[in-house]
Structures are given as C-alpha cells and as structure tokens.
Peer 1: 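Take this structure, written in structure tokens, and hold onto it; I'll ask about it next.
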2 protein chains.
Amino acid sequence: MIEITDAAVLTRVRDFLATAALPDDGRLPPERELAQSLEVGRGALRKALATLQSEGVVWRHVGKGTFTGERPIDTVADINAMVQRTNPLEVMSARIAFEPEVARCAALYATAGQVAEMRSCMLKAQQAPTWRQYEQWDNKLHRTIGEASQNSLLLGLLDTLNAVRRAVTWGRLRDTPLRPPGDHHSFEEHTRIVAAIADRDGAGAADAMRRHLRSVESHMRDRL
Amino acid sequence: MIEITDAAVLTRVRDFLATAALPDDGRLPPERELAQSLEVGRGALRKALATLQSEGVVWRHVGKGTFTGERPIDTVADINAMVQRTNPLEVMSARIAFEPEVARCAALYATAGQVAEMRSCMLKAQQAPTWRQYEQWDNKLHRTIGEASQNSLLLGLLDTLNAVRRAVTWGRLRDTPLRPPGDHHSFEEHTRIVAAIADRDGAGAADAMRRHLRSVESHMRDRL
DNA sequence: ATCAGAACCAATTTTGAATTGGTTTTGGTT
DNA sequence: AACCAAAACCAATTCAAAATTGGTTCTGAT
C-alpha cells in the first residue's frame, strides 16, 4: 500500500461521491469495502469521511452506514412515544386544531359515494345498541371524512392521531347506560357536519366539526 | 377427554376471561395452551373463540395471538407507507391544511423564549450562505412553531409530516444560485408569521402561515 | 513518537427458528 | 356416509442469534 496524503484521500472520496451510482437513500458502501475499492486505509478513509461529515456532505451512524447529505433531524415520534407524552385533553386540543381542516378538505373533495357512506355511518351510530358499537361507527364516520379529503397524507396523520387517542383512552368504557341516549349530542352534530360536506361548504364543515369536537371536549371535562 | 358441549366450552372460556390475570395488552395464552388448561380440544376452543370474536369480546390475529376486546383499527400508516402513497403536491396540500392551525396555537401558547428562538432561526435563514443551511434553519423555524403550540401530539404530527416531506423531496437540491437571493419570498413571509405569533394574533398567524405555504406551493408548481 | 492494520466494542440489520392462529388431512366412531 | 377430534401442515408474526456497520483501542513496525 503506497502512502498517500490525507488531501489525496479526501479527493478520491469526493470523486467517488461525484460519480458513484448510489441507491435512493444515498447509502455509501461500508467503510471497509470503500477503503478497499479506493485503495486507501480505513483509518485514512475515516479521517476523510469525518471531514466530509463536518461539511455536511455525508452523515454516518453506527450500525446503519454512511449516507450522503445532512443527517436527518431524528424527531419522528413513533406512536408509543406520542402516547407516553400526551394526555386526553391534549389529544382533544390536537383534534380541535386538526380535524376541522380535514372536514374542510372533505367538503371540497368528497365523492358522492363517500357522502353516502358518511350518512350510513351516522345512521348506524344512532341505531347502535351498545356504546362499543356506537364508537365503532363514530370512528368509521370520522375516518371516512379523512378519506374524503383525498389526501393520503392527511389521512395518515388522522390515523396516527386516532391511534394515539385510542391508546390514551384505552379501557375507558362507558358502562351506564348500555347505549347512547336518543338525544346524544353527537347525533345532531354529526348531521350538521355531513350536511355541510354534502353541501360543499368547506367553512361550514370546518365550523360544524369544531363545534362537535368542542362539545365532546366539554363533555369530557364534565366527566373528569 | 370427556366430550362436552359447545356451550359448555364457551362458558369455560367466558369464566376464564372473567377471572384470569391477563397482561396489559389483554393477550390470552396461545390456543394450544389454553385448550389444554381448560381441558377442551383446540377445535372446540376455536369454535368458542370465533363466537366470542363475533361478539367483540376477543380478537385474534395469525402470528400475534388472541386478545380481549375489539380488534383495533389497524390503519396506522407508518412513515414509509405514507411516503410511498403520497407526492409533493399532496404534501403541500396537507401542510396548507395543517400548519396554519399549528401557527394559530403557537400564537396562543408560545413562550417569550420560543418567540426569540423563532426570530433567531429567521435571521439565520436569511443569512444562510447555502441553500442547505437555509433549509436547516427553515426547518428549525417551523419546528419551533410546532413546539410553541405546547401540544406534544401536534408536534408529533408535524414531525411526521416533515419526515414524509423530506423523504418525498429527497435529493432535490437547488444548485443555482448557491444561496437564497436576498429577496427570497420566504424571508418576508417568515417575518409576518413570527410577528403575528409574537402579537398573539392567532388568526393572523394562521393566515400568514397559509399565505407562506401557498407561496411555496406556487413556486413549487412553477418548477414542475 | 507516529501510524497502519488488526482486534474489539456498541448500534443496527439480517436471518432462520420458533411461535401463533388458520386450514386441511387423517383416522376413528357412529 | 357423516361427523368430529387430533394431527399435520400453512401463513403471519415474533424472537434470538449471527452478521454487519461505524467507533475506538490495541499492537507492532517504522
């Protein structure tokens, strides 16, 4: 092995980066392999990579590999982490911030089939013989509204929000009465939401959803 | 093995469910084990479990096990699934729906320290010598706004949204010019957002954020 | 003293075996 | 022939150990 300068090693690595066909995630070959193919020692390569990392050209992570570009901000909280950090009132606040905007989009983009499905869910929620079944149809209604936004990312975020919500409220079943009363506040509120969506009234849908969720929040506070 | 009726098996399983100390996730013992301890055949047990599943008392999943309660709606899309399903324009639409509401909350809840940090990020973005560094400070600004909502769930959803965005737009580096021009539209827009937040003007902050993101979307469309 | 290469360590990924529910086959009984 | 329990097999998931990857220390040559 002929000794070459640090600068020459750095140049070889830069040249490699400029010409190599890397996979989509920008992952470089493992250090040991790259050192071999560039005909430099691993120590020298590591020195060069450290320089490039400090310049934001590559980032490295033990066990994962070396990648082009800046290190991604690793702030993605998975569901469990979100569940550990939040609480029912915070979930309600997040819903009040987020779901009216989903309903607004749904009013603009829902298909007739989706509106029909919302109506069906709404009716089934009203006729539900148990709280459990009411909540199933309630969940289905809200998710159909998310689907009606025709934005898979909004739907994904809504699903994430609902997963956290269920985990935070898990096990809190209502035992009395057995089913929702005939004048359960959500029934009329659901009707207003779906009507505004069917009318293509974005602002109306957002407002109706916000009122509904504020009502749910208020009832939740009454139970604390 | 004494043969017992299906009804008797069902009763044994119900009794078991009523008395057993199950783990937090409500997981029952494996079928083969439960059949043995209840002294029934696996086939008969499976019949009873199928009945209980149809009643919503338990749910079962190949490879996972049998659990008490209703099957969770397994709609949680992880980041990769979201990335595969979405596209840059959809990401922009989702941002336009969601981030103004985050800014609205930030206007209500931001601490003075967080407002100062927003200003610092804004200045550093303006002074950034490369697009890469501009984007780092831009990201930091938007995340500080999310933190200022004082809602960990909203922040978690924003992080999720941004992770998807980065994955969808990965590798799309601007090479010319080397850095943002002095009159880059986002500079003034950032200023308006932060000013509205500092003024505790929720509607103003939401509106400024919405205008900013619409402007970003418009420039994105120009580049398509 | 310095440095390259080897060896070791910690974080992560990969892989194959084990586990779990779902279904089919087998053989005994009626 | 019909029925059913048990065994065998299949598909989905989990788990543990091996392999891989970057990070650090040790060793031996110069």
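Just so it is clear, the values below take in all heavy atoms, side chains as well, and ignore hydrogens, waters and symmetry mates. Quantities reported herein were computed from a predicted structural model and do not represent experimental measurements. Chain A is the first sequence line, chain B the second, and so forth, proteins listed ahead of strands; every chain is numbered from 1.
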Peer 1: Look at A:H61 and C:dT12 and indicate whether a side-chain polar atom (N or O) is within less than 4.0 Å of OP1 or OP2.
Peer 2: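 Yes.
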Peer 1: Is the phosphate of D:dG22 approached by A:R46 (side-chain N or O, under 4.0 Å from OP1 or OP2)?
Peer 2: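 False: A:R46 side-chain N/O out of range (4.0 Å or more) of D:dG22 OP1/OP2.
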Peer 1: Answer yes or no: is there an ion pair linking A:E90 with A:R95, defined by an N-O contact shorter than 4.0 Å?
Peer 2: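 The answer is no: the pair does not qualify as a salt bridge.
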Peer 1: Within this structure, what is the CZ-to-C1' distance between A:R60 and D:dT24, rounded to whole angstrom?
Peer 2: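 Checked: the CZ to C1' distance equals 12 Å.
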Peer 1: At less than 4.0 Å, is any side-chain N or O atom of A:R32 found next to OP1 or OP2 of D:dT20? Yes or no.
Peer 2: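 Looking at the OP1 and OP2 atoms of D:dT20, neither is under 4.0 Å from any side-chain N or O of A:R32.
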Peer 1: Whole angstroms only, please: what is the CD-C1' distance between A:Q53 and D:dG22?
Peer 2: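 Going from CD in A:Q53 over to C1' in D:dG22 covers 10 Å.
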Peer 1: Categorize B:G43 for me: base, sugar-phosphate, or nothing, with a 4.0 angstrom heavy-atom threshold over every strand shown.
Peer 2: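 Nothing, no heavy atom under 4.0 Å.
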Peer 1: Dump the intermediate steps for ring pair (Phe, Tyr, Trp, His ring centres under 6.0 Å) on B:H219 and B:H184, then the final yes or no.
Peer 2: CA-CA 11 Å; B:H219 282 85; B:H184 182 50; 7.3 Å; no
Peer 1: What is the distance, to the nearest angstrom, from the CG atom on B:L28 to the P atom on C:dT19?
Peer 2: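 Atom CG in B:L28 sits about 19 Å away from atom P in C:dT19.
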Peer 1: Aromatic rings B:W59 and B:F67: how do their planes relate, parallel, tilted or perpendicular, breaks at 30° and 60°?
Peer 2: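 Rings of B:W59 and B:F67: parallel, as their planes differ by under 30°.
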Peer 1: The side chain of A:P30 is closest to which nucleotide in this list: C:dG22, D:dG22, D:dT14?
Peer 2: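 Looking only at heavy atoms from C-beta outward on A:P30, the closest nucleotide is D:dG22.
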Peer 1: Taking atom P of D:dC15 as reference, at what distance in whole Å does atom NZ of B:K64 sit?
Peer 2: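 In whole Å, D:dC15 P lies 11 Å from B:K64 NZ.
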Peer 1: Could you check how far NZ of B:K47 sits from P of D:dA6, rounded to whole Å?
Peer 2: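 The answer, rounded to whole Å, is 13 Å.
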Peer 1: Run the numbers on B:E31 and B:Q36 for side chain to side chain donor-acceptor pair (under 3.5 Å), then give the verdict.
Peer 2: CA-CA 8 Å; B:E31 287 178 359; B:Q36 194 155 28; over 6 Å; no
Peer 1: Where the side chain of A:R42 is defined as all heavy atoms beyond and including C-beta, which of C:dA7, D:dT21, C:dG21 is the nearest nucleotide?
Peer 2: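 Nucleotide nearest to A:R42's side chain: C:dA7.
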Peer 1: Take atom CD of A:Q36 and atom C1' of D:dG22, then tell me their distance rounded to the nearest Å.
Peer 2: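 Those two atoms, CD and C1', are 17 Å apart.
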Peer 1: Using a cut-off of less than 4.0 Å, is there contact between a side-chain N or O of A:T66 and OP1 or OP2 of D:dT21?
Peer 2: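 Result: no.
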Peer 1: In whole angstrom, give the distance that lies between atom CG of B:D25 and atom C1' of C:dT20.
Peer 2: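 Answer to the nearest Å: 14 Å.
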Peer 1: Among C:dT13, C:dT23, C:dT20, which is the nearest nucleotide to the side chain of B:V62?
Peer 2: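 Among the listed nucleotides, the one closest to the side chain of B:V62 is C:dT20.
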Peer 1: Ring-plane angle category for A:H190 and A:Y134, please: parallel below 30°, perpendicular beyond 60°, tilted otherwise.
Peer 2: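 The arrangement is parallel - the two ring planes meet at less than 30°.
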Peer 1: I need the CH2-P distance between B:W59 and C:dT20, as an integer number of Å.
Peer 2: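 Rounding to the nearest Å, CH2 of B:W59 and P of C:dT20 are 15 Å apart.
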